[in-house]
Amino acid sequence: MTVAPDAPILFFDSGVGGLSILAPARAAIPTAPIVYAADSAGFPYGTKSEAEIAARVPALLGRLVERYRPRLAVIACNTASTIALQHVRAALDIPVVGTVPAIKPAALLSKSRVFGVLGTDATVRQPYVDRLAAEHGADCIMLRHGSAALVQLAEAKLRGETLDPQVARDALAGLLDQPGGDRMDMVVLACTHFPLVERELAAAAPHPMGFVHGGEGIARRIAFLTKDQPWPTKATPGVAVFTRVDAKVDALRPALAGYGLERLNAL
Ligand code: DGL
C-alpha cells in the first residue's frame, strides 16, 4: 500500500496520558504529521468495566480513522490496549500499535526481585498482566495497585494547576504497604498518564526506585513499521481532537502546544 507523506500517525487515549507516548515518537520521527485523540467524554477509562471499554474504543477509533485517514494508529493507553486491542485490530485495516505494561524491563532491572505495577484499576486486574509476570518475572514478587487519583493528578498538572504531593505518596503507598513492598526497587508505570508525573512519584518515594514505561519501545516499533514510508520534509502543526471540548480541555492548550499540537478539534 502506498502512503502519502502527509498521512498522519493517530495516537489515542482517554485523556492526556498518550502524550507520554507521543513525545518519544515525535523525537524519533520529527516531521511526522500527528493527530492526538483524547476521549474526554469517556474519561476516565480506569474505573469503567471491560464491556464498556471494549464497546467504546473500537467504535471511536473507527470514526477517527474515517476522518483523519492515518497511516498507523497507536492506542496510547494501557487500559484500552489490555482490554480492546484485538477488537480494534479486527475493526481497522491499518497497523495498530498497543501499549502494554513494561513488566519485562522491570523484571530484568529489579535487583531485589520485587517490583510494582502501578496502573488503573481496570489494567491491574487484567489476566494479561499475570501472563506477562509469569513469562518475564516468575522469580519476582509482583505487587499491583490501581490509582484513579494519579490519573487526575497528571491531567491537573497539564492544566497548570497546583498539585497535592500526597496523591503521589498515596499511590506509592498502595504498593509499598503490601507484603514485600519495603524491598520494591522498580515500578512499572502501567498507565500512560503516570510518566507525566514521574517527577512527583520520584519525590514521593521513601527510598530510591526506578520507573519504567513503554514509550521508547513504542517509538521504535512505530519507526520500524513506517521505515519505508515517506514523511513531509518540514514539521507541520499537530492536531488534538477531543470527544468533548469544555473548559478543562481549553486549559490544556498551552501544554498541548508544547507537544506540537497547535490545533484543537472536536470529534
Ligand atoms: N491513560 C490511560 C491508561 O494508560 C487511562 C487513564 C484513565 O482514563 O483512567 O491506562
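Indexing begins at 1, ligand by ligand and atom by atom, following the structure's order. The chain is numbered in sequence order, starting from 1.
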At what distance is the nearest protein heavy atom to atom 1 (N) of ligand 1, and which residue and atom is it? His193 ND1, 2.7 Å

Side-chain contact, heavy-atom cut-off 4.5 Å: Phe194 with Ser20? no

Smallest separation among heavy atoms of Val97 and Leu225, with atom names: CG2-CD1, 3.6 Å

Look at the side chain of Ser81 and the backbone N and O of Leu85, then say whether any donor-acceptor pair between them is shorter than 3.5 Å. no

Min side-chain heavy-atom separation Phe242-Leu267 under 4.5 Å: no

As a check for students: among Asn78, Asp13, Thr123, identify the option with a heavy atom nearest to atom 4 (O) of ligand 1. Asn78

Consider ligand 1: state whether an atom of it lies below 4.0 angstrom from any non-hydrogen atom of Gly15. no

Under a 4.0 angstrom heavy-atom cut-off, which atoms of ligand 1 come close to Phe43? 8 (O)

Any idea how Phe11 and Tyr36 line up, ring-wise: parallel (<30°), tilted (30 to 60°), or perpendicular (>60°)? parallel

With sequence neighbours left out, what residues match Arg183 under side chain to side chain donor-acceptor pair (under 3.5 Å)? none

Test of understanding: given a 4.0 Å heavy-atom threshold, classify the contact between Thr120 and ligand 1 as side chain, backbone, both, or neither. side chain

Heavy-atom nearest neighbour in the protein, as seen from atom 10 (O) of ligand 1, with distance rounded to 0.1 Å: Thr79 OG1, 2.6 Å

Going by the order shown, which atoms of ligand 1 are within less than 4.0 Å of some heavy atom of Ser14? 5 (C), 6 (C), 7 (C), 8 (O)

Atoms of ligand 1 close to Gly46 [distance to a heavy atom under 4.0 angstrom, numbered from 1]: 7 (C), 8 (O), 9 (O)

